[in-house]
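Here the structure is a predicted model, which is why all the values come from computation and not from measurement.
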Amino acid sequence: MRLVPVLAFATLLTGCLFDKEPEVVRLSGETMGTTFNITAIGEDLDEDTLAAAVQETLAEVNAKMSNWDPNSEVSTFSAATSTDPTPVSAEFAQVMTAANEVHDKTGGIFDVTLGPLIELWGFGPRTPEDPVPSDAEIEAALSGVGQNRLLTLDTEAGTLAKSEPGVGINLSAIAKGYGIDAVAETLREAGIEDYLVEIGGDLVTKGQNDKGETWRIGIEKPQAGAQTPQLIVSVGDLGMASSGDYKNFFEQDGVRYSHIIDPTTGRPITHRTTSVTVLAENAMMADAWATAMLALGQEKGLELAEKHELAVYFISRDVTGGEEAYITVHSTAFKDALGTN
């Protein structure tokens, strides 16, 4: 099953020098179906030891959260037919608690049981060349979607239960952020206070870069293959995630179908918002909220962002200005976080 990725981009920039140049360790590799890049800054850093610790952490995250691994905790739970409460790890419960919070606050727009619709619309085993789903097919898939109806998490007992045997969980819109936070915790445990951890474009920062300045990140202009910054921001001690509809979509009979699906309608989003960036206290929440905000779109998303004091930056297509014309809007919290005018 091909899962829906959360799309993002980060460009790192540097500034003036420290009085004493710090040691810098840069690690990169592949995980969760994408790539990771880590910059750790400190004194007496052992690259081999740090790399081993990071790989161990990523392996542990994948063993619990990966929908690509049929033996992972989430895959095993999804494949099980029992509706009895199932003991889950503290990490799995933590991610599900966060998912439930975003699900509730968005009125169900963020949903980890979206799998049947992802597959139906050709972003899973089906191919985009197949016919567009019928109303009856959409209704049938919707019957297997709805985490507040189909899943029951008991945090005290440490269990998760499904109300129907075929219910599955797709953590692609939140697990990557959790993995970023887990790696960051590994760096902190190693005594590292200045770092940037990025997986698939989403990231978390701490302290300063090796030039003694707050980490600076570029938010990508929503043009497939361009990798041009739309906005460059300073990000200190925050998680950051972007979600966009401009890299993963298909067109049929002149209609563009986004990979971002609204679980309340069972159909891909149709509004003009093409990219959303969220700043949050950690990467996990930024990851989840970025997907939710893109599904909501600028109008509804901005209203919700103001209600919950979320730092969100929207990029929407300007239909009056040509194919590559965009309108940008940000929430009050985003402006406050960055000092944006």
Indicate yes or no: at least one non-hydrogen side-chain atom of [X] is less than 4.5 angstrom from one of [Y].
X	Y	value
T39	N209	no
T277	F314	no
M65	V95	yes
L160	F77	yes
E185	T57	no
E213	Q208	no
P268	W121	yes
V312	V278	yes

Can [Y] be reached from [X] by stepping across I, L, V, M, F, W or Y side chains whose heavy atoms are under 4.5 Å apart?
X	Y	result
I199	L50	yes
V204	L338	no
M240	I315	yes
Y195	Y178	no
V102	L294	yes

Do S72 and S75 pass the side chain to side chain donor-acceptor pair (under 3.5 Å) test, and can you show the C-alpha distance, the side-chain angles, and the key distance before you say yes or no?
CA-CA 5 Å; S72 71; S75 295; 3.0 Å; yes
Testing the 3.5 Å rule here: is there a donor-acceptor pair between the side chains of Q298 and S316?
yes
Hey, are S89 and E73 close enough side-chain-wise for a donor-acceptor pair under 3.5 Å?
yes
Can you measure from [atom1] ([X]) to [atom2] ([Y]) and round to the nearest 0.5 angstrom?
X	Y	atom1	atom2	result
R272	D318	CZ	CG	8.0 Å
E299	L304	CD	CG	13.0 Å
K162	Q147	NZ	CD	14.0 Å
L187	D194	CG	CG	11.0 Å
E101	F110	CD	CZ	11.0 Å
H103	I174	NE2	CD1	12.5 Å

Face-on cation placement of K221 at Y326 ring, 6.0 Å and 45° thresholds:
no
Between [X] and [Y], is there a donor-acceptor pair closer than 3.5 Å when you use the side chain of the first and the backbone of the second?
X	Y	result
R267	T265	yes
T113	G146	yes
T205	L203	no
W215	K206	yes
Q55	A52	no
H271	T273	yes
N37	L196	no
S331	L310	yes
S66	A63	no
N67	L171	yes

Residue pair [X] / [Y]: nearest heavy atoms and the distance that separates them:
X	Y	answer
A40	L45	O-CD1, 3.7 Å
S242	A290	C-CB, 4.2 Å
D237	G207	OD1-N, 2.8 Å
I260	S243	CD1-OG, 4.0 Å
I269	A295	CG2-O, 3.5 Å
R149	S143	NH2-O, 3.1 Å

How about [X]: does its [atom1] atom have over 12 heavy atoms from other parts shown lying under 6.0 Å from it?
X	atom1	answer
E193	CD	no
E306	CD	yes
E189	CD	yes

Applying side chain to side chain contact (heavy atoms under 4.5 Å, CB included), run through E56 and V54 and close with a yes or a no.
CA-CA 5 Å; E56 182 179 356; V54 167; over 6 Å; no
Between D202 and K176, is there a side-chain N and carboxylate O pair less than 4.0 Å apart?
yes
Set out, in order, the CA-CA distance, both residues' side-chain angles and the distance that settles side chain to side chain donor-acceptor pair (under 3.5 Å) for D245 and T274, then state yes or no.
CA-CA 5 Å; D245 75 342; T274 186; 2.6 Å; yes
